[in-house]
Amino acid sequence: MARLAQTAGLTDVQQEILSTVRDFVDKEILPVATELEHRDEYPQQIVDGLKELGLFGLMIPEEYGGLGESLLTYALCVEEIARGWMSVSGIINTHFIVAYMLKQHGTQEQKDHFLPRMAAGDIRGAFSMSEPGLGSDVSAITSKAVKDGEEYVLTGQKMWLTNGGTSSLVAVLVRSDEGHPEGTAPHKSMTTFLVEKEPGFGEVRPGLTIPGKIDKMGYKGVDTTELIMDGLRIPADRVLGGVTGRGFYQMMDGVEVGRVNVAARGCGVAQRAFELGVQYAQQRHTFGKAIAQHQAIQFKLAEMATKVEAAHAMMVNAARKKDSGERNDLEAGMAKYLASEYCKEVVEDAFRIHGGYGFSKEYEIERLYREAPMLLIGEGTAEIQKMIIGRRLLEEYRFQG
């Protein structure tokens, strides 16, 4: 039987990259993922291996030391990594979004300063939009930056930073009223700052504190933190793009490609859940035969495989649309929505196939069952995706009566 979720039209280089990543996942991630996840241990050895493979620079242009690959190549690599352990794909994703934002919106000095070291994996990126009382309403940001000579002073509390502790560069979105008169729309008075810091927890630079890791139901191993700014002084040349007031648009551009990434993660986790389900169904016997021979289980497997294929196809379409230079918020929203929902359903079906053993920490499906829910909220909830999709559909199908 052919593997699920194959991608047509890939170049020889893309196929070689994916084959290398798949081998790495099978040999270096899958054998240790569940043990590390149960200990909530940062996978340093795995991250070092990804660094050697050059994956931290996968989409960074060759002139800065990266591989200069497409979003599609990156998304397919993420799909493979998430099949091994979703937390590892999260470590790469936040780094990738910051590098993408720098590539698309940074000044030449900012690109020259950061991108070569990001490509080598020597600088690890994280980005920060959310706040404790914010949820999906980005316009309600209260963290602010006040101009003071050639610097800005940042104050406020941010939430849900993936790589908050291990990163050394954080793209932080705050309100900056300087140069924007009262009454300016909220999204036009936001600025992204490039904040350099020491990896670790506690006060990582004057005015910047990273408290300890947030304890989560799943998505363990990767550090998720708060970020507290209290008189944090940032030079004016660390405003992304060099101009204030563009932060919202820069962040949304990053989140748009991030949604393709989350869709890819959903595809990878769903693939792994299907693999575990179809394997267990052929090993477990009831009423004198393998449960895979029971029609009820075959129906489940058929539905699971179809969902894996559908989610993969939508994710690939969204990535290719972005790579073509076209607007892809509709396709990215659809892919993220469908892949995360289908991932949850496929994982639950695999869990059901395992019966009582699925509830045991001894079996890998238990880990996937706790990881899948994060995809329902990461990079925008299902409800947010539906709003984006609905608005775009009304733009495309505007009634001309």
For Glu80 and Arg3, run salt bridge (Lys or Arg N to Asp or Glu O under 4.0 Å): C-alpha distance rounded to whole Å, both residues' side-chain angles, the deciding distance at 0.1 Å, then the answer.
CA-CA 13 Å; Glu80 289 293 341; Arg3 265 178 73 99; 3.7 Å; yes
Starting from the C-alpha separation in whole Å, work towards a yes-or-no answer on side chain to side chain contact (heavy atoms under 4.5 Å, CB included) for Glu79 and Arg83.
CA-CA 6 Å; Glu79 184 179 39; Arg83 185 179 68 87; over 6 Å; no
Tell me, with the steps shown, if Lys361 and Glu366 meet salt bridge (Lys or Arg N to Asp or Glu O under 4.0 Å).
CA-CA 6 Å; Lys361 285 184 175 290; Glu366 181 271 343; 3.3 Å; yes
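Side-chain contact between Thr224 and Lys216 is present, with heavy atoms from C-beta onward closer than 4.5 Å. Lys103 is not listed as a side-chain neighbour of Ile60, based on a closest heavy-atom distance of 4.5 Å or more. Annotation: side chain of Thr225 is in contact with side chain of Phe201 (closest heavy-atom distance under 4.5 Å).
Just one residue in the list Val13, Leu76, Asp323 forms a side-chain contact (heavy atoms from CB on, under 4.5 Å) with Glu69, and that residue is Val13. Considering Val174, Val195, Val153 as possible partners of Met229, the one that fulfils the side-chain contact (heavy atoms from CB on, under 4.5 Å) test is Val174. For the side-chain hydrogen bond (donor to acceptor under 3.5 Å, both in side chains) with Glu395, the lone residue among Arg392, Arg398, Arg391 that qualifies is Arg392. Checking each of Arg320, Lys321, Arg259 against Glu331 for a salt bridge (Lys or Arg N to Asp or Glu O under 4.0 Å) leaves exactly one that passes, namely Lys321.
Within a 6.0 Å sphere centred on CD of Glu203, heavy atoms belonging to other residues, nucleotides or ligands number more than 12. Counting non-hydrogen atoms of other residues, nucleotides and ligands closer than 6.0 Å to CD of Glu362 gives a total of 12 or fewer.
Between His354 and Tyr280, the two ring planes are parallel [angle under 30°; tilted spans 30° to 60°]. Using bins of under 30°, 30° to 60° and over 60° for the plane-to-plane angle, the ring pair Phe359/Phe351 lands in the perpendicular bin.
With Gln271 contributing its side chain and Ala82 its backbone, the two residues share no donor-acceptor pair below 3.5 Å.
Note: Thr73 OG1 to Gln14 CD = 3.5 Å, rounded to the nearest 0.5 Å. Glu371 contributes atom CD, which lies 4.5 Å from atom CZ of Arg367 (distance to the nearest 0.5 angstrom). Rounding to the nearest 0.5 angstrom, the gap separating the CD atom in Gln15 from the OG1 atom in Thr20 is 11.5 Å.
The existence of a salt bridge linking Glu256 and Arg327 is excluded, since no basic side-chain nitrogen approaches an acidic carboxylate oxygen closer than 4.0 Å. Salt-bridge check for Lys307 with Glu303: failed, with every basic side-chain N at 4.0 Å or more from each acidic carboxylate O.
Judged by distance alone, the side chains of His294 and Thr286 do bring a donor and an acceptor atom under 3.5 Å apart. The closest side-chain donor-acceptor pair between His312 and Thr7 falls under 3.5 angstrom.
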